[in-house]
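To keep things clear, I will list the structure first and then write my remarks on it.
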Amino acid sequence: MAEVKALKTNCRRCGDVVVPTSDVRVTAAASGTGLFVFQCPTCRREVWQASDAGTLLRLRAAGAMPVQGPAPLELTELHDGSPISWDDLLEAHEVMRHDCCPQDELTA
Ligand SMILES: [Zn+2]
């Protein structure tokens, strides 16, 4: 019987899941950290997880393939400060409503 290589990880919606490493894709940022992505076997949503370089290398060795195309590497960035609030979101919406289309002023 062939050995099945699988990754035990989690989906934010479903909790712990097991994914065959052949269904996992990996990508690395310049910092050495990176991301892996898989389709959750339960909810079928795409799940991106930040990961260290060692884990990404082990996933590659176990059969995970590289991500094709752009990846949301901003997920690997360290952030500080408090999360945005509803007020922050509404304020940004107001700013974009008034300032988002400078080309309109050029063509008027
Ligand atoms: Zn899920």
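Both counts, for ligands and for their atoms, begin at 1 and track the order of listing.
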Handout entry: Under-2.8 Å neighbours of the Zn ion (ligand 1), protein N/O/S atoms only
Key = 4
Problem - Heavy-atom donor-acceptor pair, Thr21 side chain to Ala62 backbone, under 3.5 Å - result: yes
Exercise for the section: Among residues two or more places apart or on two chains, list those pairs meeting salt bridge (charged side-chain N to carboxylate O under 4.0 Å, His left out) that have a residue in residues 43-70. Expected result: none
Handout entry: Separation of Leu56 CG from Thr33 OG1 (nearest 0.5 Å)
Key =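 Between Thr33 OG1 and Leu56 CG, I get 8.0 Å after rounding to 0.5 Å.
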Completion exercise
The side-chain contact (heavy atoms from CB on, under 4.5 Å) partner of Trp48 among Val67, Leu73, Thr76 is Val67
Practice task
Just grab all the side-chain hydrogen bond (donor to acceptor under 3.5 Å, both in side chains) pairs involving residues 61-74, residues at least two apart or on different chains.
Solution key: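 Checked against side-chain hydrogen bond (donor to acceptor under 3.5 Å, both in side chains) - neighbours excluded - no pair reaches residues 61-74.
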Exercise for the section: Check salt bridge (Lys or Arg N to Asp or Glu O under 4.0 Å) between Glu94 and all other residues, then give those that pass, not counting sequence neighbours. Expected result: Arg97
